[in-house]
Amino acid sequence: MGYAMVRSVALHGVAGEVIVVEADVAPGLPSLVVSGLPDAALSEARDRVRAAVHNSGAYWPQQRITVNLLPAHVRKHGSGFDTAVAIAVLAAGADLPIGRLADAVVLGELGLDGTIRPVRGVLPAVLAASRAGVGFAVVPQANITEARLVPDIEVRAADCLGRILGYLYGSENLLDPVLEGPPPEPPPLDLADVLGQERGRRVIELAAAGRHHVAMFGPPGAGKTMLAARLPGVLPPLCDQEAIEVTALHSIAGTLAPTGALIRRAPIQAPHHTASVSALVGGGSGLAKPGAISLAHHGVLFLDECAEFASGVLDALRQPLEQGEVRLRRTYGETVYPAQAQLVMAANPCPCAKPGGRQMCQCPSIIRRRYQARLSGPLMDRVDLQVDLDPVRSAALLNTEHVEPSSVIAKRVMMARQAATERWGASARTNGDVSGAMLRDKRFRLSRQILRPLTVEMDRGRLSARGFERSVRVAWTIADLDGRQRPEAADVREALEMRSRTAR
Ligand SMILES: Nc1ncnc2c1ncn2[C@@H]1O[C@H](COP(=O)(O)OP(=O)(O)OP(=O)(O)O)[C@@H](O)[C@H]1O
Ligand SMILES: [Mg+2]
Ligand SMILES: [Zn+2]
């Protein structure tokens with residue numbers, strides 16, 4: 001008979017909050033009531049926790065047990081509180097001494113046999129605990145590597161409830177696995193593999209340097225998929241803050257590699273064109289899972305064969321891309337996940353997908369136009385680089401010398417990024433983010449002479465005001481890559497060329 005409390009962590013999106021699991025055991029008919037806004041999984045926890053306690057050789061109090069999760073207004077999801085509930089009940093009703101966990105948060109789902117199962121989101125949960133000043137975390141053994149990424153908190157693991165009980169009685173130790181360094185990541189795919197295709201290689205370099213969204217059109221075998229897959233390899237590595245954010249999102253999604261190492265390379269996600277809206281932007285019941293756009297946070301969202309995606313799916317991406325985050329409305333409130341992804345799209349110029357490209361296609365123009373219409377629209381409006389790629393010539397495939405590898409390109413990209421960051425200051429991080437107002441600011445406005453290639457196109461009705469602005473952004477990226485202070489007319493001309501699509 002008595003009262004006890006154990007702490008755990010509830011997650012909302014990537015934000016965690018330390019919560020208290022309190023248990024009260026009083027005389028009365030044996031029962032277990034759980035309160036504090038539990039969702040379905042937590043109600044199911046009752047039977048699971050009881051079985052786990054029995055099968056760990058402990059005595060389940062045959063009394064009236066009340067478990068409450070505080071603060072009551074915080075929505076709690078999932079099965080990550082099982083272990084904390086079991087310990088609180090045993091402390092309140094069976095004199096389990098919990099002094100050694102006084103400064104701890106406890107995370108983990110219980111199996112019926114008393115094993116402690118891994119849970120999603122351990123990295124952000126332990127991070128929240130550390131930020132709240134908690135000094136100690138006990139996590140499932142399978143989650144220890146990601147938990148150890150968090151600074152300023154001692155982390156131990158448990159494989160079963162029995163081990164934690166033994167630890168509290170002083171007869172057993174928690175696990176403290178010696179971590180081997182993560183195995184070296186396989187090297188990223190290299191642009192040196194892409195022969196010929198100068199324009200394709202250039203557009204990937206520009207996209208990387210300016211963090212511009214990019215769309216590539218071209219016949220089958222032009223190398224579109226190859227090029228897109230090589231973009232992460234020329235992007236700068238993630239900084240500490242970005243790495244933690246990305247790793248936390250993958251922890252919540254349950255897509256972290258078993259090594260649990262910090263994700264340092266810009267991620268790439270390539271959802272299939274049959275993917276649903278929730279696969280792309282996130283959703284699902286209980287703790288909403290981040291979608292592909294959030295798993296591509298600080299990295300690349302690659303929509304291959306983008307004309308084949310359902311239009312509703314593409315529309316659903318627009319707002320997250322503009323706002324850099326996804327807001328998932330749930331019955332009980334909103335879950336927010338970051339989603340600063342760089343968009344790469346690829347498609348054939350025509351549904352017939354003739355290898356020779358435009359020359360070979362004999363489709364009626366109405367079919368071509370209908371297909372093209374699927375590739376325009378509000379999403380494409382945000383894409384600075386839209387290029388048609390030519391088929392690779394056989395000569396290019398034979399000439400494998402002097403092809404610049406990704407390592408060389410990545411260095412130029414890094415320098416260009418630095419130049420842009422210094423120039424835009426607080427108003428933008430990259431040329432892809434910079435606002436139209438900033439481009440027109442008198443400090444950065446380009447002269448009439450320099451802009452002439454664009455004004456000519458505009459006067460001929462071949463360039464929209466939006467297209468004009470995008471070309472100026474790209475021109476800045478071209479100058480940055482070349483180490484020059486400001487774009488020149490030739491840069492503006494190349495930028496225009498990089499919007500070589502007929503529909504500008
Ligand atoms: N520039 C290139 N250099 C070397 N190999 C290439 C090049 N372009 C294409 N290939 C070869 O052709 C294959 C197909 O290329 P990829 O899948 O990137 O074409 P794609 O443009 O995406 O075609 P699709 O429209 O059919 O998807 C590659 O796996 C590669 O072997
Ligand atoms: Mg392809
Ligand atoms: Zn065709």
Side-chain angles (χ1 to χ4, degrees), residues 186-208 213-235 268-275 280 292 296 300-310 313-314 342-376 379-380 383 385-410 497-498 500-503:
L189 296 173
D190 202 303
L191 275 170
D193 304 335
V194 184
L195 307 173
Q197 203 47 272
E198 276 75 20
R199 182 186 272 167
R201 293 169 52 93
R202 178 68 168 162
V203 84
I204 291 296
E205 179 169 342
L206 292 173
H213 299 315
V214 44
M216 294 180 283
F217 303 92
K224 302 180 294 296
T225 303
M226 261 186 119
L227 286 162
R230 282 157 180 76
L231 174 56
V234 290
L235 291 173
I268 180 165
Q269 294 285 312
H272 191 254
H273 58 75
T274 54
L280 256 86
V300 176
L301 179 64
F302 176 33
L303 305 181
D304 206 358
E305 317 291 352
C306 63
E308 307 293 335
F309 280 80
V313 171
L314 294 184
Q342 180 175 4
L343 191 63
V344 177
M345 298 197 270
N348 291 302
C350 180
C352 71
K354 283 272 193 292
R358 193 154 292 181
Q359 296 80 352
M360 300 285 290
C361 164
Q362 303 202 333
C363 296
S365 67
I366 172 90
I367 302 241
R368 292 182 62 96
R369 275 210 303 276
R370 212 176 279 153
Y371 183 82
Q372 295 279 340
R374 305 179 62 177
L375 298 175
S376 56
L379 193 60
M380 201 57 88
V383 178
L385 293 161
Q386 303 182 17
V387 295
D388 281 315
L389 300 182
D390 298 323
V392 185
R393 280 184 299 275
S394 59
L397 293 183
L398 302 177
N399 179 11
T400 55
E401 285 164 48
H402 312 301
V403 183
E404 245 183 351
S406 289
S407 55
V408 174
I409 299 167
E497 159 75 5
M498 285 299 166
S500 59
R501 295 227 60 208
T502 33

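Owing to the predicted nature of the structure, the values given are computational and were not obtained by experimental measurement. Both counts, for ligands and for their atoms, begin at 1 and track the order of listing.
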So is there a nitrogen or oxygen of [X] less than 3.5 Å from a nitrogen or oxygen in ligand 1?
X	result
G221	yes
G218	no
N348	yes
K224	yes
M226	yes

Counting each atom of ligand 1 from 1 as listed, which ones have a heavy atom of [X] under 4.0 Å away?
X	result
P220	23 (O), 24 (P), 25 (O), 26 (O)
E305	27 (O)
V392	1 (N), 8 (N)

- Message: Please list the nearest protein heavy atom to atom 16 (P) of ligand 1 with its residue and the distance rounded to 0.1 Å.
- Response: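 In this structure, atom 16 (P) of ligand 1 has G223 CA, 3.8 Å as its nearest protein heavy atom.
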- For atom 1 (N) of ligand 1, what is the nearest protein heavy atom, given as residue, atom name and distance? L195 O, 2.6 Å
- Go through the steps for R230 and D193 under the test salt bridge (Lys or Arg N to Asp or Glu O under 4.0 Å), then give the verdict. CA-CA 9 Å; R230 282 157 180 76; D193 304 335; 3.0 Å; yes
- Count, waters excluded, of protein N, O or S atoms under 2.8 Å from the Mg ion (ligand 2): 1
- Query: Quick one: angle C350 SG - the Zn ion (ligand 3) - C352 SG, to the nearest 10°?
  - Reply: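 My answer is 110°, to the nearest 10°.
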Gap separating the [atom1] atom of [X] from the [atom2] atom of [Y], nearest 0.5 angstrom:
X	Y	atom1	atom2	answer
D190	S407	CG	OG	6.5 Å
Q197	L191	CD	CG	11.0 Å
L303	H213	CG	NE2	11.0 Å
F309	T274	CZ	OG1	8.0 Å
M216	K224	CE	NZ	8.5 Å
R202	M498	CZ	CE	6.5 Å

Is there a protein heavy atom at a distance of less than 4.0 Å from [atom]?
atom	answer
atom 31 (O) of ligand 1	no
atom 13 (C) of ligand 1	no
atom 3 (N) of ligand 1	yes

- Message: Between L389 and V387, is there a side-chain heavy-atom distance shorter than 4.5 Å?
- Response: yes
- Task: Check whether any side-chain heavy atom of L301 sits under 4.5 Å from a side-chain heavy atom of P271, and report yes or no.
- Result: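 Yes - at least one pair of side-chain heavy atoms lies under 4.5 Å apart.
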- Message: My understanding is that we take every heavy atom of each candidate and find the minimum distance to atom 22 (O) of ligand 1. Doing that for T225, L191, D304, which one comes out nearest?
- Response: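 Of the listed residues, T225 has the closest heavy atom.
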- Heavy-atom closest contact (P232 atom, V300 atom, distance):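 Heavy-atom minimum between the residues: CG-CG2, 4.3 Å.
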- Would you name the heavy atoms of V313 and A275 that are closest together and state the gap between them?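 The pair with the smallest heavy-atom distance is CG2-O, 3.7 Å.
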- Query: So V214 and M345, side-chain contact (heavy atoms from CB on, under 4.5 Å) or not? Walk me through it.
  - Reply: CA-CA 6 Å; V214 44; M345 298 197 270; over 6 Å; no
Ligand 1 contacted by [X] (non-hydrogen, < 4.0 Å):
X	value
A222	yes
D193	yes
M216	no

- From L231, T225, L343, residue fulfilling side-chain contact (heavy atoms from CB on, under 4.5 Å) relative to F302: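 With F302 as partner, L231, T225, L343 yield a single side-chain contact (heavy atoms from CB on, under 4.5 Å), made by T225.
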- Any chance you could lay out the side-chain contact (heavy atoms from CB on, under 4.5 Å) test for H272 and E305, step after step, and finish with the verdict? CA-CA 9 Å; H272 191 254; E305 317 291 352; over 6 Å; no
- Check step by step if side-chain contact (heavy atoms from CB on, under 4.5 Å) holds for L280 and L314. CA-CA 9 Å; L280 256 86; L314 294 184; 5.7 Å; no
